[in-house]
Amino acid sequence: MASYNRVVLLGNLTRDPELRYIPSGTAVTEIGLAVNDRRKNASGEWIDETTFVDITLWGRTAEVASEYLTKGAPVLIEGRLKLDTWETNDGQKRSKLRVVGERMQMLGRAGGGEGGGGGGAAGGGTRPAGRRDRGNDYSQPAPEVDSYDAPSGPPEDDIPF
């Protein structure tokens, strides 16, 4: 039987990325994503439901996430589900479903304005070493790796009729 393991998530980071390197030198970053869903219940009232997902990014994607993303940043992740299993010190078996992110697209802040989220100049926190100081203004264009929106043909101004 064939199988297909693909996940596409769009949400906001719940915490700053945690970058580390494994002994082989490969970068790995752990991020948390909050994905919101809005639906009507049986009585017709709107219900907001948030799902929290742990995501692991590897290689250059992990480094880019650590450099450009902070808590609250909107991001689209494409990847696959992975079930981690382990045994605790007292012999109990545990498991956790997570996403291994294979593609990441950084998005602009909703509303595109300045500020947004705590952590601007008055935030008072310090940033981890090596991280670009962009504050929480995600209206700046992010570097693109894959783009499906490439223009096809001349701009509308160059059409001769």
Side-chain angles (χ1 to χ4, degrees), residues 1-37 48-150:
M1 177 177 188
S3 61
Y4 187 73
N5 183 357
R6 217 73 212 132
V7 175
V8 178
L9 298 169
L10 175 64
N12 298 83
L13 293 189
T14 60
R15 60 184 183 270
D16 287 342
E18 303 167 11
L19 178 67
R20 64 183 195 281
Y21 292 88
I22 61 174
S24 69
T26 303
V28 60
T29 296
E30 303 289 329
I31 61 174
L33 198 68
V35 180
N36 297 313
D37 185 30
D48 292 321
E49 186 175 81
T50 303
T51 302
F52 298 96
V53 182
D54 288 325
I55 299 169
T56 305
L57 303 171
W58 292 90
R60 184 65 184 138
T61 306
E63 293 172 334
V64 169
S66 177
E67 184 176 349
Y68 289 99
L69 297 177
T70 57
K71 181 179 179 178
V75 66
L76 181 133
I77 300 289
E78 181 180 341
R80 60 185 167 85
L81 288 175
K82 183 176 186 303
L83 181 65
D84 290 338
T85 58
W86 69 95
E87 192 170 310
T88 62
N89 291 341
D90 58 356
Q92 293 182 337
K93 292 185 179 183
R94 302 282 185 185
S95 63
K96 182 176 190 174
L97 196 58
R98 66 172 45 252
V99 171
V100 176
E102 296 168 352
R103 184 171 173 264
M104 174 186 68
Q105 180 67 51
M106 294 177 279
L107 306 171
R109 165 88 53 202
E114 292 185 11
T126 59
R127 303 180 71 75
R131 184 166 297 183
R132 274 177 90 179
D133 188 8
R134 294 179 61 187
N136 280 343
D137 181 11
Y138 298 105
S139 63
Q140 299 295 320
E144 292 186 26
V145 179
D146 294 323
S147 177
Y148 298 106
D149 298 330

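For the numbers below, each heavy atom of this structure counts, side chains included, while hydrogens, waters and symmetry mates do not.
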| Do the side chains of R103 and L76 get nearer than 4.5 Å, heavy atoms only? | yes
| Between OG1 of T26 and CD of E63, what distance do you get to the nearest 0.5 Å? | 9.5 Å
Got a list of side-chain donor-acceptor pairs under 3.5 Å for residues 27-36, not counting sequence neighbours?
| from | atom 1 | to | atom 2 | distance (Å) |
| --- | --- | --- | --- | --- |
| T29 | OG1 | A62 | O | 2.9 |
| E30 | OE1 | T56 | OG1 | 3.2 |
| E30 | OE1 | R98 | NH1 | 3.0 |
| E30 | OE2 | T56 | OG1 | 3.4 |
| N36 | OD1 | T50 | OG1 | 2.8 |

| message | Tell me whether D90 at atom CG has more than 12 heavy atoms from other residues, nucleotides or ligands lying less than 6.0 Å away. | response | yes
| remark: Here the gap from E87 atom CD to K93 atom NZ, rounded to the nearest 0.5 Å, amounts to 6.5 Å
| Quick one: are L57 and I77 in side-chain contact, heavy atoms under 4.5 Å? | yes
| query | Going through the checks in order, is the side-chain contact (heavy atoms from CB on, under 4.5 Å) test met by L107 and L10? | reply | CA-CA 9 Å; L107 306 171; L10 175 64; 2.9 Å; yes
| task | Just jot down the side chain to side chain contact (heavy atoms under 4.5 Å, CB included) partners of K96, sequence neighbours excluded, or say none. | result | D54, W86
| Going by heavy atoms in the side chains, are L69 and M104 under 4.5 Å from each other? | yes
| request: Please report the closest heavy-atom contact between P17 and S66, naming both atoms and the distance. | output: CB-CA, 3.9 Å
| query | Do V75 and Y68 come within less than 4.5 Å of each other through their side chains, counting heavy atoms only? | reply | no
